[in-house]
Asks: 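Provided herewith is a single structure, encoded as structure tokens, for subsequent inquiry.
Chain A is the first sequence line, chain B the second, and so forth, proteins listed ahead of strands; every chain is numbered from 1.
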There are 2 protein chains.
Amino acid sequence: MSTETGSGWAEHARAVLDQSGHRKARARDALIDLLASQPCALSALEIEDHLRDDGRRVARASIYRILELLADQGLVSRLELGDGTSRYELIDPAGEHHHHFLCDVCGNLLPFDDRDLERSIDRLARRLQFDARDHEVVLHGSCSGCRS
Amino acid sequence: MSTETGSGWAEHARAVLDQSGHRKARARDALIDLLASQPCALSALEIEDHLRDDGRRVARASIYRILELLADQGLVSRLELGDGTSRYELIDPAGEHHHHFLCDVCGNLLPFDDRDLERSIDRLARRLQFDARDHEVVLHGSCSGCRS
DNA sequence: GTGAATGCAAACTCTTTGCATGACT
DNA sequence: AGTCATGCAAAGAGTTTGCATTCAC
């Protein structure tokens, strides 16, 4: 499922960029392909490592610039989960999204979703006097492998 | 109410530190008093500014070290809300807590709480296979003053 | 050819660490 | 006196910016 979402997203992302007048670009294509293949969020430095390992080396500054562009276009979201770095993951054009559990022991990052939670947040956003376009839920604790 | 919570917390914090063998300390007292007076989370640099304005100047390195100590003792929580900095706020010993709305336009930070949301998160944590000790919910959008 | 995209290096911000000085018991 | 706490300065990590080069159109 995540693969299908991802490859659909890659096409979508290229179409959006094309329509907004951006040229074909090697580094950007590499990032889009990588993000499309990921089940969960990656940091900029993790992205750099993956791309290098794949033989598609992209300069660090370019990675940040491309991620900023993709975020501005609403194609990726930027998350801070509490370990001092930003992480990036694709935004499903259909609106599907998940939240994150971060193991404070080993740093492992696990996605989850929960309909009930989403409903609560929707109700809450409606109740409040501000316009909530996005939300983020992070659970902290220890994962099954790290339980003390 | 937040004042009462805060001053109760200051006593509590000093008791906890005393019991864990920490000495009386000028800089730490200044931070505890400041945190106790705040309705919402502050960054380390904001803390530095407030303390300087109050004539209780504390070195930046000490601020970070004290915040780390307080966090280790379970007295403050460290939050990352998506603007690249960490923020700190007291943890109410009675377990009361709030979450945050961050205005992406002006950077304003607003606390809110919601029973229904807490219930959803509790149910979710029980359902999942990992041990969730803490959670954080951040809403992003534009506040009433910044609505386009 | 023109302007966008990229790479490289330097700058910047936030945070942490090392070491000397000062304060509490 | 002994050791914890603090300040100062330097080092680190992540991120951003400036500028020259390369590439798409």
Side-chain angles (χ1 to χ4, degrees), chain A residues 13-34 41-52 54-73 75-88 107 109, chain B residues 13-34 41-52 54-73 75-88 107 109:
Chain A
R14 291 199 172 90
V16 167
L17 291 170
D18 191 46
Q19 285 188 338
S20 54
H22 290 277
R23 300 179 175 177
K24 186 158 87 65
R26 173 198 148 266
R28 206 150 56 204
D29 279 339
L31 255 85
I32 289 173
D33 289 341
L34 176 63
L42 293 179
S43 70
L45 271 21
E46 287 170 340
I47 290 172
E48 185 182 31
D49 290 343
H50 281 254
L51 291 173
R52 190 183 37 243
D54 293 349
R56 305 180 75 175
R57 188 175 158 63
V58 173
R60 188 170 298 182
S62 301
I63 292 174
Y64 283 107
R65 274 189 291 238
I66 291 165
L67 289 171
E68 185 187 12
L69 169 65
L70 295 176
D72 286 347
Q73 300 280 344
L75 294 167
V76 310
S77 63
R78 173 183 179 155
L79 311 168
E80 285 184 32
L81 303 181
D83 65 348
T85 72
S86 294
R87 290 163 198 265
Y88 302 83
L109 182 62
Chain B
R14 292 200 171 89
V16 167
L17 291 171
D18 190 46
Q19 284 188 339
S20 54
H22 291 276
R23 301 178 174 178
K24 187 157 87 67
R26 173 197 149 266
R28 207 151 55 204
D29 279 340
L31 255 84
I32 289 174
D33 290 340
L34 177 63
L42 294 179
S43 71
L45 272 19
E46 287 170 341
I47 290 172
E48 185 182 32
D49 290 343
H50 281 254
L51 291 173
R52 192 185 33 245
D54 293 349
R56 306 179 74 175
R57 187 175 159 64
V58 173
R60 188 170 300 182
S62 301
I63 292 173
Y64 282 107
R65 273 188 291 236
I66 292 165
L67 289 170
E68 185 186 13
L69 170 64
L70 296 176
D72 286 347
Q73 299 281 345
L75 295 168
V76 310
S77 63
R78 171 183 180 156
L79 312 167
E80 287 185 31
L81 302 181
D83 64 350
T85 72
S86 293
R87 291 163 198 263
Y88 303 83
L109 182 62

Asks: Could you tell me how far apart B/L31 (CG) and D/dG7 (P) are, to the nearest whole angstrom?
Replies: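 B/L31 atom CG is separated from D/dG7 atom P by 10 Å.
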Asks: Taking for each residue the nucleotide of DNA chain C bearing the nearest heavy atom, is the 5' side occupied by B/K24 or by A/G21?
Replies: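 The 5'-side residue here is A/G21.
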Asks: Less than 4.0 angstrom between a side-chain N/O of B/Y64 and OP1 or OP2 of C/dT15, yes or no?
Replies: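 Yes, B/Y64 has a side-chain N/O under 4.0 Å of OP1/OP2 on C/dT15.
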Asks: From CG of A/L17 over to P of D/dC25, roughly how many Å is that when rounded to an integer?
Replies: 13 Å
Asks: For the pair made of CZ in A/R78 and P in D/dT15, what is the distance, rounded to whole Å?
Replies: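 In whole Å, D/dT15 P lies 7 Å from A/R78 CZ.
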Asks: Please name the residue in the list A/E48, A/H50, A/R87 that meets the side-chain contact (heavy atoms from CB on, under 4.5 Å) test with A/L42.
Replies: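 Only one option passes, and that is A/H50.
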Asks: Can you check the B/E68 CD to C/dT16 C1' distance for me, whole Å?
Replies: 9 Å
Asks: Ignoring hydrogens and angles, are the base of C/dG3 and the side chain of A/R23 linked by a donor-acceptor pair under 3.5 Å?
Replies: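 Such a pair is found, so the answer is yes.
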Asks: For A/L45 and D/dA13, what is the distance between atoms CG and P respectively, to the nearest whole Å?
Replies: 10 Å
Asks: Does the side chain of A/T85 get closer than 4.0 angstrom to OP1 or OP2 of D/dG14 through an N or O atom?
Replies: no
Asks: Is it true that A/D29 and A/R26 make a salt bridge, defined as a side-chain N closer than 4.0 Å to a carboxylate O?
Replies: no
Asks: Within the 4.0 Å heavy-atom criterion, would you say B/A61 contacts the bases, only the backbone, or no part of the nucleic acid?
Replies: base
Asks: Can you work out whether B/A44 or A/R57 has the more 5'-proximal nearest nucleotide on DNA chain C?
Replies: A/R57
Asks: May I have the distance from A/E48 (atom CD) to D/dT15 (atom P), rounded to whole angstrom?
Replies: 11 Å
Asks: Any sub-3.5 Å donor-acceptor pair from B/R78's side-chain atoms to B/E68's backbone N or O?
Replies: no
Asks: Ignoring backbone atoms, establish whether B/S62 has a side-chain N or O less than 4.0 Å from OP1 or OP2 of D/dA5.
Replies: no
Asks: Looking at A/R65 and D/dG18, is any side-chain donor or acceptor paired with a base atom of the opposite kind under 3.5 Å?
Replies: yes
Asks: Base, sugar-phosphate, or nothing for B/R60, non-hydrogen atoms under 4.0 angstrom?
Replies: base
Asks: What is the nucleic acid contact for B/S43, judged by heavy atoms within less than 4.0 Å: base, sugar-phosphate only, or nothing?
Replies: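 Nothing: the residue B/S43, judged by heavy atoms under 4.0 Å, touches no strand.
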Asks: May I ask you to verify if any side-chain N or O of A/H22 is less than 4.0 angstrom from the OP1 or OP2 atom of C/dA4?
Replies: no
Asks: D/dA13 P sits how many Å from A/E46 CD, rounded?
Replies: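 That distance rounds to 16 Å.
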Asks: Counting just side-chain N and O atoms, does B/R26 come under 4.0 Å of either OP1 or OP2 of D/dG7?
Replies: yes
Asks: I need the CG-C1' distance between B/L42 and C/dC14, as an integer number of Å.
Replies: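 Distance, rounded to whole Å: 16 Å.
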Asks: Would a distance-only check, ignoring hydrogens and angles, find a side-chain to backbone donor-acceptor pair under 3.5 Å from B/R28 to B/R14?
Replies: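 No, because the side chain of B/R28 does not come within donor-acceptor range (under 3.5 Å) of the backbone of B/R14.
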Asks: Suppose we screen for side-chain contact (heavy atoms from CB on, under 4.5 Å). Which residues come up paired with A/A30, at least two apart in sequence or across chains?
Replies: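 For A/A30 the side-chain contact (heavy atoms from CB on, under 4.5 Å) partners, ignoring immediate neighbours, are A/L51, A/R56, A/V58.
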